[in-house]
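Everything below concerns the one structure shown next.
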Amino acid sequence: MLPEMTEINLQPFDVEKVRSDFPVLAQHVYGKPLVYLDNAATSQKPQVVIDALADYYTTYNANIHRGVHFLSQKASQAFDDVRVKVKEFIVASSEREIVFVRGTTEAINLIASSWGRVNLAAGDIVLVTTMEHHSNIVPWQMICAERGAEVVPIPMDDCGVLDMQAFGTLLTDRVKFVSVVHTSNSLGTINPVKQIIEQAHARNIPVLVDAAQTVAHQAVDVQELDCDFLVFSGHKMLAPTGVGVLYGKEKHLEAMPPYQGGGEMISSVSFSGTTYNEIPFKFEAGTPNIADVISLGVAIDYLNAMDRKAAAAWELTLMKLTSEKLSALEHVRLIGTAKEKSAVVSFIVDGVNAMDLGMFLDTLGIAVRTGHHCTEPVMHRLGIPGTVRASFMFYNTAAEVDRLVEGVKKGIQLLRA
Amino acid sequence: MLPEMTEINLQPFDVEKVRSDFPVLAQHVYGKPLVYLDNAATSQKPQVVIDALADYYTTYNANIHRGVHFLSQKASQAFDDVRVKVKEFIVASSEREIVFVRGTTEAINLIASSWGRVNLAAGDIVLVTTMEHHSNIVPWQMICAERGAEVVPIPMDDCGVLDMQAFGTLLTDRVKFVSVVHTSNSLGTINPVKQIIEQAHARNIPVLVDAAQTVAHQAVDVQELDCDFLVFSGHKMLAPTGVGVLYGKEKHLEAMPPYQGGGEMISSVSFSGTTYNEIPFKFEAGTPNIADVISLGVAIDYLNAMDRKAAAAWELTLMKLTSEKLSALEHVRLIGTAKEKSAVVSFIVDGVNAMDLGMFLDTLGIAVRTGHHCTEPVMHRLGIPGTVRASFMFYNTAAEVDRLVEGVKKGIQLLRA
Amino acid sequence: MIAWWKELKKEFNYYVHNVKDIATLEKEIIEDFSLFDDWTEKYQYIIELGQKLKPLDDQYKTDDRKIKGCQSSVWLHAYSNDGRIYFDADSDSTFVKGEIALLINVLSGQKPEDIVAAELAFIDAIGLRQHVAVTRANGLAAMIKQMKLYALGLQSQAV
Amino acid sequence: MIAWWKELKKEFNYYVHNVKDIATLEKEIIEDFSLFDDWTEKYQYIIELGQKLKPLDDQYKTDDRKIKGCQSSVWLHAYSNDGRIYFDADSDSTFVKGEIALLINVLSGQKPEDIVAAELAFIDAIGLRQHVAVTRANGLAAMIKQMKLYALGLQSQAV
Ligand SMILES: Cc1ncc(COP(=O)(O)O)c(C=O)c1O
Ligand SMILES: Cc1ncc(COP(=O)(O)O)c(C=O)c1O
C-alpha cells in the first residue's frame, strides 16, 4: 500500500500556502489543533471573503438599485457585477438567468412552487433520486401533494450508484420534471447528470441539477450540461451563509410566475393591478442579501485565481488516502463506494454508534458530521441509521487524514470496549 | 423660530460619541464628508456588528444544529441565543414564536402564502392601508388572485393620516385578515396599530404589523399590541442585510402549513411520507443565514445598551428641525405631516424633479432617496410622481440637517433656473 | 473519595431507589466531574457510565417509549412504587446511555413532585450542556422533558 | 476651443442633422468633459444641457413613446429623413434631458446602421455610467436601447 500512497501524495498542490488564507483553520479546539472535515456541511472562508464583508459595511453599505447617491451606486455596481461573475462561473448565456436566493433549499422551493404550480397536474410524476438531500425531496412532496402529483425516486445500488436502467424505465409519459443531485452529500457519488438530462430532454422533460456539493469541487458548465435549472449555496463554496444561486434557462424563468412579491420585483404597483419586473428581478423580492452576494463574488474570484485542477486532484487524493486507511481498520465499512466520487468519505463502524464516534473525534479536535446528513432515504435504503462523514476541501492535509484515522482507531478501542 | 430650535437642540444625546461607533459615517464622498440620510432604506452598522461577522467566520463558522463538533456547538449556541434575544426585544412570550427569515418582504410572503392558502376563500378581503410598502401589497395580491379574494386599502387623508372611520366601515364580515404598516417609510406616519388590532380582534380577524420602520426607532411589545404577526428586517436596525424576523403567535404558527421544505424543517423524511419539525423550525428550511442572525443579536445588544429614549428624542428633534427649515424654503412642500410621525422627512419642490434634486444633493455628498419609495399608491393618492426623502437615525447631527437644507436651497436655485 | 467506595456508591444508587435528595446527588456528580481536566476525560467517563448502564428489557423498547428529537434511538421506561418513580432506559448510543445514567442517578427513586421541580443545574455545572444541549442531534433536553412528563403523569395518577 | 464657437457648434449639432460621424462626436464630448474636475461640475453641465434641450411637442408625449424603466417620465420621438434618423425627446427630469441631449448630439442625424452599431464608449469615458447606469432609477440604458430599436425598425422599414 505504501508506494501507492506515496504516489498519491505527490500531487503538486501547496496546501500550506492555501491554508494560510483560511483563518479559522488555525483554531485550537480543546487545546488541540482543529481538524475541520465537515466541509460538505459548510466550507470555511478565505480572509478575502471575510474582508469583503467588513469592507462593504465599513465603506459603502447602502440599499441598492433605486438610490441615486454615491454609496447606493457603488453597492449596486458591486452587486450587479457579481451576477456577471456567477454567469461566467457556471457559463450561463446571460446574467438574466441568474437569480440570487438564500441557498439551495430556497432555490428548489422557488422552482417547485413557481414552476410546479402551473405545470404539475394530478397523476404527474416528479422524478428524483434515492440519494437526494431532503431539500430536493420535501419541496416536491409539498407541491405534489397540492397538485395531486407524485414524487418517485430513481433507485440506487448498494454502492450508492444510480440505477440508470431503472431511470430509463421510470421515464414514462407521466414524468413532468426530473430533479437530481449532482454530487451526493452523504455518499459522495457523482451522478451522470449529462446523460440524465439527455434522456429527459428526449422526452421534453426539464431537469434541475442540485449542484450544492459540486461547484466548489469541479467545473460546471450549464450550457454544456444543457440543464434547465441548476442551484447551489454560497456557504458551501467559500462564500458567506445566506446567499445562493438559482440558474434557470431564460425561457423557463420568463414563463414562470413570480414566487415572492414585494419591493424590487415589481415594475409598478396599484390596487387595480401590479406589473412585474423582468427576469431575474421578478424573482428577487425585497432587499437582497447585498453584502453576502458581494462576498460571493469574492469567493468566485478566489476560486478562479487558484489552480482548480490541482485543488480538485488534491481533494481526491485526500479522499482516496482516507478511504484506504479507514477501510484497512477492523470493523470499519465505507458507505458510498461509487467509482465517480467526490471528496466525501462516509463510514460506519460495526458495534459503534456514529454519534458516539463523532463526539469522540470532537474531543480530539476533529470535526466530522454524523447521522443521516439530511438524506434519510439513503440510510433507509442501506439499512443503516447513519454514518460518520469526513468531507474534504482543498485546504485539508494528509496529516489531518492521519489524525482522523488515528482518532477513529482510538475511538473504536474505547467504544467497542 | 430660533428660540424654539435652540430648545430642540438641547436634547441630552451625545451624538458624536455614537457616531464614532459607525465607521461608514467617516466616509468622504467626492471629497466631501458623507451626510447619510437614507436610513429608511437601510441603516449603517456599528463596528461591533461588523466585528461579529468577522469573528464568526474567523473563529467558529460551522453549520448548525446537527453537528456534534465544537465549532458547530458554538455556532448553534450563538444562533439559538439570538432567538431568545429577539424574543425579549419584542417581548414575545416564547422563542417558539420567532422565525428567522431574509427580511420583511419574505416574512410577509411566508404569512400570505402559508396562512392565506388555507384561510382565504373566494370573496374574502384582506385589508391593508394606502400607505403600505409594496412588500405588504403584492404578496397579498398574489395569494388573493389565487384564492379569488381581494386586497382593499384603508384610505388616508392629504396629510398621510389613516382614515380610521373608513377603517370601521371597511371592517365587514368579508374581511379575513388585516395587514398594516406601523410606520410608513415614505411619509413617516405612525399608524394607530393598537386600535386597529382591537377593532379587528373584536371581529376575530388576525392582524399583521409591518414594523420594518419601527423597531430601530421605538420600543415594540407584541404582547401589549396583541398583534398576531409582526415582521421586520435586520438591515434597517443596524444588523446585516439578509436577515429578518417573523413573529407569530404560537397558535397561528402551529396551525399554518410549512412554507418552504428542506433541511432543518423536517422531523423525518421518506418517500412514503414526511413529518415536519416543530415551530419555529418548521418555517426555517435549509441552512439559515447563520452569521447574519448572530450579528442581528449583536445589533440588538447595541440598541439595548444605549439610552433608547434619548436616541428616539434626538431623532425626532432632527426630524422637527429639518421639517421647520425645509418648509421655510420657497417652493418646498412637505409630504406626510401626520402628528404621530417618525424621523422621516419627505418633500417635493415645485418645478423641480425629485431625482434631479437627489442627484444634486449627491454631488454634495448628501445621500437621500428619491422616487416613490416602493409606495406607489401613496404617490398616486397624493397626485405626485415621488418625493425627496431624508430619513434619520440617532447618529445624524444637526450640522447634517444644515448641510441638507443648504443643499436643497442651492439645488432649487440651479434646477429652477 | 476512595475509588472503590465511589464505585460502590454509584452502583448502589443506580440500581436501588435513591435515598439521597436530588440536590445532594447533583452535588456529588459535580464533585466527580471536577476531577476531570478536559472534555476528553469527561466524555470518556460518560461513555464508561453508559457502558455500565443496565440494559433495558427488550419488551420495553416500544415506539411509545421512544424519545423523539434525538439523533440516536432512546427508549425510556418509567414505573412507580411506594410513591417514588423509577426509570430505566436504553439507547444505541453509549454516550446517550451515559447521560441517561447521570439523569437516572439523580432522578430515579425520587418523588414525582421533586422530579418535576428539579432544575438539574449539574448539567451546566459539569459543562455538559455546552457540548450537547444546543444541538438537536443530542436529545438531552428531550429526555429530561420526557422524565418530567412521566413524573407529572404518575403524580396525577397517584392523586 | 473658444467658448462661443463651442456653443455654436453644439447648438448646430442639436438642431440640424449631424455632419460628423459618431466617433468624432463622442471624442468631442469626452474633450468637453475633461475640463471638469468633479462630479458636481459634470452634473451641472448636464443640467445645463438639459435646460437647453428643445422641448418635445406635446403631441408626441404619448404612451407608446414613453420609455419604461426610468424613475422619471421620458418620451422619445424618432423620424427618418434622407436615410438618416432624427430624435427628439423630453423628460420631467432636467438631468435626464441632459443625458438625452448628449445622446441626441451623437446619434441624431446618423445613419440607422451606425446607430445600431454605436458602442457609445463616451458614457464610460466621461464617468457618467458610474453615476447613473447601475441604478434602475435612471433609464440611460433603456433610452439607448429604445434609440437603437427605432433605428433597427426604421432601417428594416427602409429596406
Ligand atoms: C415599511 C416597509 N415594509 C417593508 C419593507 C421591505 O423590507 P425588505 O426590503 O427588507 O424586505 C420596507 C423596506 O423598505 C419598509 O420600509
Ligand atoms: C446536495 C445538497 N443539496 C441541498 C443542500 C441544502 O443546502 P442549503 O442548506 O444551503 O439550502 C445541501 C446542503 O447540505 C446539499 O448537500
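Below, chain A is the first sequence line, B the second, and so on; all start at residue 1. Here the structure is a predicted model, which means the values were calculated and not measured.
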| note | Given P23(A), A367(A), A54(A), the one with more heavy-atom pairs under 4.5 angstrom with chain B than any other is A367(A)
| query | Do M237(A) and L296(A) touch side chain to side chain, with heavy atoms closer than 4.5 Å? | reply | yes
| field | Toward chain A, the part of S270(B) with a non-hydrogen atom under 4.5 Å | value | backbone
| request: Pick whichever of G365(B), S43(B), P153(B), P258(B) has the most heavy-atom pairs under 4.5 Å with chain A. | output: P153(B)
| field | Part of V368(B) lying under 4.5 Å from any heavy atom of chain A | value | backbone
| Residue part contacting chain A, namely of V388(B), when any heavy atom lies under 4.5 Å | neither
| remark: What one should report as the nearest heavy-atom pair of M379(B) and G386(B) is SD-CA, 3.8 Å
| query | L25(B) versus chain A, heavy atoms under 4.5 Å apart: side chain, backbone, both or neither? | reply | neither
| field | Options L71(B), T104(B), V128(B), ranked by heavy-atom pairs under 4.5 Å with chain A, top entry | value | L71(B)
| Heavy-atom distance under 4.5 Å to chain A: side chain of S268(B), backbone, both or neither? | both
| What part of I50(A) lies closer than 4.5 angstrom to a heavy atom of chain B: side chain, backbone, both or neither? | side chain
| said: Quick check for you: among V138(B), L53(B), N61(B), which has the greatest number of heavy-atom pairs under 4.5 Å with chain A? | reply: N61(B)
| Choice from V24(A), V269(A), D362(A) maximising heavy atom contacts with chain B below 4.5 Å | V269(A)
| How close do L357(A) and G411(A) get, heavy atom to heavy atom, and via which atoms? | CD1-CA, 4.0 Å
| request: Report yes or no: do D55(B) and T59(B) form a side-chain donor-acceptor pair below 3.5 Å? | output: yes
| chain B contact via Q44(A) - side chain, backbone, both or neither, heavy atoms under 4.5 Å | both
| field | Any side-chain heavy-atom pair of V101(A) and F283(A) under 4.5 Å | value | no
| field | Contacting moiety of I290(B), where chain A heavy atoms sit under 4.5 Å | value | both
| Can you find a side-chain donor-acceptor pair between S267(A) and N277(A) that sits under 3.5 Å? | no
| said: Quick check for you: among T363(A), T241(A), V243(A), which has the greatest number of heavy-atom pairs under 4.5 Å with chain B? | reply: T241(A)
| said: Could you check whether K74(A) makes a cation-pi contact with Y60(A), meaning its NZ or CZ is under 6.0 Å from the centre of the six-membered ring and within 45° of the ring axis? | reply: yes
| When the ring centroid of H372(A) is compared with that of H380(A), is the distance short of 6.0 Å? | no
| message | Give me the atom names and distance for the closest heavy-atom approach of P33(A) to H28(A). | response | N-CD2, 3.6 Å
| message | Give me the atom names and distance for the closest heavy-atom approach of H69(B) to R369(A). | response | NE2-NH2, 4.0 Å
| M265(A) vs E284(A) side-chain heavy atoms within contact, under 4.5 Å | no
| request: Go through the steps for H133(A) and D210(A) under the test side-chain hydrogen bond (donor to acceptor under 3.5 Å, both in side chains), then give the verdict. | output: CA-CA 9 Å; H133(A) 189 279; D210(A) 173 355; 5.9 Å; no
| remark: Under 4.5 Å to a heavy atom of chain A? For I294(B) that would be neither
| task | Please look at Q27(B) and chain A and tell me whether the side chain, the backbone, both or neither of the residue comes under 4.5 angstrom of a heavy atom of that chain. | result | side chain
| said: Is Y259(B) in contact with chain A via its backbone, its side chain, both, or neither, using a 4.5 Å heavy-atom distance? | reply: both
| Any idea which heavy atoms bring L238(A) and K45(A) closest together, and the distance? | O-CD, 3.4 Å
| query | For V35(A), is it the side chain, the backbone, both or neither that has a heavy atom under 4.5 Å from a heavy atom of chain B? | reply | neither
| request: Test side-chain hydrogen bond (donor to acceptor under 3.5 Å, both in side chains) on T129(A) and E132(A) and set out the steps. | output: CA-CA 6 Å; T129(A) 77; E132(A) 295 311 321; 2.7 Å; yes
| message | Under 4.5 Å from any heavy atom of chain B, what part of Q141(A) do you find: side chain, backbone, both or neither? | response | side chain
| task | Heavy-atom pairs under 4.5 Å with chain B are the metric here; pick the option from H373(A), M142(A), Q47(A) that has the most. | result | M142(A)
| request: Select one option (side chain, backbone, both, neither) describing which atoms of D38(B) are under 4.5 Å from chain A's heavy atoms. | output: side chain
| note | Highest number of heavy-atom pairs under 4.5 Å with chain A among L110(B), T42(B), T105(B), N289(B) belongs to N289(B)
| said: Can a side-chain donor-acceptor contact be found between S391(A) and Y36(A) if the only test is distance below 3.5 angstrom? | reply: no
| task | Determine the minimum heavy-atom distance between V298(A) and A52(A), stating which atoms define it. | result | CG2-CB, 3.6 Å
| field | S295(A) side chain reached by V49(A) side chain, heavy atoms, under 4.5 Å | value | yes
| At a heavy-atom separation under 4.5 Å, does N63(B) approach chain A through its side chain, its backbone, both, or neither? | both
| remark: Whatever's closer than 4.5 Å to a heavy atom in chain B on E106(A) counts as both
| query | Which of the residues E376(B), H134(B), Q260(B) is involved in the greatest number of heavy-atom pairs with chain A at under 4.5 angstrom? | reply | Q260(B)
| field | E150(B) versus chain A, the contacting section by heavy-atom distance below 4.5 Å | value | neither
| message | So for I64(A), is it side chain, backbone, both, or neither that comes closer than 4.5 Å to the heavy atoms of chain B? | response | backbone
| said: Does any backbone or side-chain atom of P257(A) lie under 4.5 Å from a heavy atom of chain B? Answer side chain, backbone, both or neither. | reply: neither
| Between V151(A), V293(A), N109(A), which has the largest tally of heavy atom pairs under 4.5 Å with chain B? | N109(A)
| query | Any idea which of A41(B), G261(B), G262(B) has the most non-hydrogen atom pairs under 4.5 angstrom with chain A? | reply | G261(B)
| request: Side-chain contact test, heavy atoms from C-beta onward, threshold under 4.5 Å: evaluate it for I366(B) versus F360(B) and give yes or no. | output: no
| task | Please flag which part of P240(B) lies under 4.5 Å from any non-hydrogen atom of chain A: side chain, backbone, both or neither. | result | both
